[in-house]
**Q** 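Sharing a structure below in structure tokens format, with a few things to ask.
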Amino acid sequence: MGGFRPHSSEVAVIHQRLVRAKNDAAVQPALNITIAKAYLIGADPRLMERTWSEVVTEMYSGKKESSRLRMERAFKNRAFNRIRPMKVIETRAEDFFGVLNIGGVYVHHILRCLHNRALGIGWLLVPVIPTKLWPKVEKKHRRAVTAEEHQRIIAAESNAERKKYYQLLWEIGAAQTDGANLKAEDISWEKRVLAYNRQKTGQLCVLEIGPRLEGILKSLPSTGPLFPKVSTLKDKDRSAEFCRRCRILKIKGISLHSYRYSWAQRAKQFGMPERFAQSALGHASRAVHREYAREGIAVCPSWENYEMKCQELQKKQSFETGM
């Protein structure tokens, strides 16, 4: 049996109502908007009142304090002046394009996050800008610190603690805040590993301690923060000091974050398995990790040398298991 089919007279009535609605829309648009608002308020009493500032608050409610502060700082950008007090439901595409024309890549990213959030929780009924019509942006090129640049920075740094801090970032590729907040308790000398959780994502990073890293760690405090003074500074102050050092040395295009790019690219170049490098840097996504390592060139070793190394490793493992 087929589904319910309306009677011809009912179809005619529906058709008449649609025609009347279209005619009314052309004749009295202001009244139609008022009627539409009345229906929307009935569904959600606060739908007509919410502003984009409230979307920011909702987006990072319950998240980490650092994430909330970063979002709030970004939303203070002058590019958002146009929409900050604006009602979400009344926002038009030209309002968004006005923001995008003033702001850069990060503004584009934040605006799109806010738009998707408002759309996802029902505060925005239809997309302000359809997905395919969002303008494409070119990301700012970020590069790694080269070995030669790192040596120049270390040689020119007179502060012993900052020098050790830069050396540690080179060895482990930590984000600047994660590196600054490391404690002696994060080191297990029995297992010879350094383990810490990333502040940004909570992702666990575990690295084996090699000879160079061991030398750095043993020169640092054995209890409490490894960098007592550096850890008390704000991230912008650490960045400003590093940029000042680079400016004096006439090194351009790098920041403290460039040490992460450097570590990822060196790991790729020397053939470290991607899962190990990804774990060491605390990247939950392979796509993110590959963005960091994209300029590293992996050189394939000769099969003969690679085979010999594998055979030596197998002999070593057989010997250890036979003991």
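FYI, the numbering just counts along the sequence from 1.
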**Q** So, Asn116 side chain and Cys113 main chain: donor-acceptor pair closer than 3.5 Å or not?
**A**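 A pair under 3.5 Å: no.
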**Q** Would Arg198 and Gln203 count as a side chain to side chain donor-acceptor pair (under 3.5 Å) if you check the C-alpha gap in whole Å, the side-chain angles of each, and the deciding distance to 0.1 Å?
**A** CA-CA 5 Å; Arg198 288 203 63 200; Gln203 193 80 9; over 6 Å; no
**Q** Working to the nearest 0.5 angstrom, can you tell me the gap between Ile187 CD1 and Leu217 CG?
**A**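 Rounded to the nearest 0.5 Å, the CD1-CG separation comes out at 4.5 Å.
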**Q** How about Tyr196 and Leu207: do any of their side-chain heavy atoms sit closer than 4.5 Å?
**A**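 When only atoms from C-beta onward are counted, Leu207 and Tyr196 do touch, with a gap below 4.5 Å.
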**Q** Tell me, do Thr51 and Glu54 make a side-chain contact under 4.5 Å, heavy atoms counted?
**A**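 Yes, their side chains come closer than 4.5 Å.
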**Q** Between Arg260 and His257, is there a side-chain heavy-atom distance shorter than 4.5 Å?
**A**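 Yes, side chains in contact.
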**Q** Just verifying a value: how many Å separate Asn197 CG and Cys205 SG, rounded to the nearest 0.5 Å?
**A**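 If I round to the nearest 0.5 Å, the distance is 7.5 Å.
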**Q** Without swapping roles, check the side chain of Asp178 against the backbone of Gln199 for a donor-acceptor pair under 3.5 Å.
**A**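 Yes, Asp178 side chain to Gln199 backbone: donor-acceptor pair under 3.5 Å.
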**Q** Which one of Arg152, Lys163, Arg245, Lys164 satisfies the salt bridge (charged side-chain N to carboxylate O under 4.0 Å, His left out) criterion with Glu157?
**A**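 Answer to the salt bridge (charged side-chain N to carboxylate O under 4.0 Å, His left out) test with Glu157 among Arg152, Lys163, Arg245, Lys164: Arg245.
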**Q** What pair of heavy atoms forms the shortest contact from Leu281 to Ile172, and how long is it?
**A**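 In terms of heavy atoms, the two residues are closest at CD2-O, 4.0 Å.
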**Q** Taking ILVMFWY side chains as joined if any heavy atoms are under 4.5 angstrom apart, and letting links pass through other members, which residues group with Val206?
**A**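 Val193, Leu204, listed by chain and number.
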**Q** Minimum heavy-atom separation for Lys252 to Arg143, with atom names?
**A**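 In this case the closest contact between Lys252 and Arg143 is O-NH2, 2.5 Å.
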**Q** Please report the shortest heavy-atom distance between Ala175 and Leu169, naming the atom on each side.
**A**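 Looks like O-CD2, 4.3 Å.
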**Q** Could you tell me if the side chain of Arg238 sits less than 4.5 Å from the side chain of Thr177, heavy atoms only?
**A**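 They are in side-chain contact.
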**Q** Enumerate donor-acceptor pairs with a distance under 3.5 Å from any side-chain N or O in residues 221-234 to protein atoms, sequence neighbours excluded.
**A**
| residue | atom | partner | partner atom | Å |
| --- | --- | --- | --- | --- |
| Ser231 | OG | Phe227 | O | 2.8 |
| Ser231 | OG | Pro228 | O | 3.2 |
| Thr232 | OG1 | Lys229 | O | 2.6 |

**Q** In sequence, state the C-alpha distance, the side-chain angles, and the governing distance for Glu214 and Arg192, and then conclude on side-chain contact (heavy atoms from CB on, under 4.5 Å).
**A** CA-CA 9 Å; Glu214 179 181 4; Arg192 295 190 63 80; 2.9 Å; yes
**Q** Does the side chain of Ile89 reach to within under 4.5 Å of the side chain of Arg50, using non-hydrogen atoms?
**A**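 Contact flag for Ile89/Arg50 side chains = no.
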**Q** If you take all heavy atoms of His115 and Leu124, which pair is closest and at what distance?
**A**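 Closest approach of His115 to Leu124, heavy atoms only: CD2-CD2, 3.7 Å.
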**Q** Are the side chain of His109 and the backbone N or O of Gly104 linked by a donor-acceptor pair below 3.5 Å?
**A**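 Pair absent, no side-chain N/O of His109 close to backbone of Gly104.
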**Q** Determine whether the side chains of Arg78 and Asn81 contain a donor N or O and an acceptor N or O closer than 3.5 Å.
**A**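 No.
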**Q** Rounded to the nearest 0.5 Å, what separates atom CZ in Phe242 from atom CZ in Arg162?
**A**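 Output value for this atom pair is 11.5 Å.
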**Q** Do Gln167 and Glu171 come within less than 4.5 Å of each other through their side chains, counting heavy atoms only?
**A**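 Side-chain contact under 4.5 Å: no.
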**Q** Under a 3.5 Å cutoff, is there a donor and acceptor pairing between the side chains of Ser262 and Arg266?
**A**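 Arg266 and Ser262 do have a side-chain donor-acceptor pair below 3.5 Å.
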**Q** Quick one, Ile110 with Met71, criterion side-chain contact (heavy atoms from CB on, under 4.5 Å). Give me CA distance, side-chain angles, the key distance, then yes/no.
**A** CA-CA 8 Å; Ile110 295 296; Met71 184 66 173; 3.7 Å; yes
**Q** Apply the test side-chain contact (heavy atoms from CB on, under 4.5 Å) to residues Leu111 and Phe80: give CA-CA distance (whole Å), side-chain angles for both, the deciding distance (0.1 Å), then the verdict.
**A** CA-CA 9 Å; Leu111 182 62; Phe80 291 105; 4.2 Å; yes
**Q** Do Ile254 and Ile248 sit in the same hydrophobic cluster, where Ile, Leu, Val, Met, Phe, Trp and Tyr count as joined when their side-chain heavy atoms come under 4.5 Å apart?
**A**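 As far as the 4.5 Å side-chain criterion goes, Ile248 and Ile254 are not connected within one cluster.
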**Q** From the options Tyr166, Tyr259, Trp263, select the one residue that forms a ring-ring contact (aromatic ring centres under 6.0 Å, His included) with His150.
**A**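 Result: among Tyr166, Tyr259, Trp263, Tyr259 is the only option passing the ring-ring contact (aromatic ring centres under 6.0 Å, His included) with His150.
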**Q** To the closest 0.5 Å, what do you measure between CG (Leu220) and NZ (Lys218)?
**A**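 Leu220 CG to Lys218 NZ: 12.5 Å, rounded to 0.5 Å.
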**Q** Identify the two heavy atoms, one from Glu161 and one from Asn159, that lie closest to each other, and give their separation to 0.1 Å.
**A**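 Where Glu161 meets Asn159 most closely, the heavy atoms are N-OD1, 3.1 Å.
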**Q** Taking atom types as modelled, find out whether Glu149 and Thr146 have a side-chain donor-acceptor pair closer than 3.5 angstrom.
**A**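 Judged by distance alone, the side chains do pair up.
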**Q** Indicate, with yes or no, if Val128 and Ile102 share a hydrophobic cluster defined by side-chain heavy-atom contacts under 4.5 Å among Ile, Leu, Val, Met, Phe, Trp and Tyr.
**A**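 No, Ile102 does not connect to Val128 through the hydrophobic network.
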**Q** Determine the minimum heavy-atom distance between Tyr261 and Ala144, stating which atoms define it.
**A**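 The pair with the smallest heavy-atom distance is C-CB, 3.7 Å.
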**Q** Measuring from Trp52:CH2 to Phe75:CZ, what's the distance to the nearest 0.5 Å?
**A**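 So the CH2 of Trp52 and the CZ of Phe75 are separated by 8.5 Å.
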**Q** Would the number of heavy atoms belonging to other residues, nucleotides or ligands and lying under 6.0 Å from CD of Glu185 be above 12?
**A**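 Yes, enclosed.
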**Q** Any chance you could lay out the side-chain contact (heavy atoms from CB on, under 4.5 Å) test for Asp235 and Leu256, step after step, and finish with the verdict?
**A** CA-CA 10 Å; Asp235 53 357; Leu256 280 175; over 6 Å; no
**Q** Output yes when Glu49 and Lys87 qualify as a salt bridge under the 4.0 Å nitrogen-oxygen rule, no when they do not.
**A**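 Looking at Glu49 and Lys87, the cut-off is not met.
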**Q** How long is the span from the CG atom in Leu119 to the CZ atom in Arg112, to the nearest 0.5 Å?
**A**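 Interatomic distance, Leu119 CG to Arg112 CZ, rounded to 0.5 Å: 11.5 Å.
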**Q** Has Asp95 got a side-chain atom pairing as donor or acceptor with Thr91's backbone, closer than 3.5 angstrom?
**A**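 No, Asp95 side chain to Thr91 backbone: no donor-acceptor pair under 3.5 Å.
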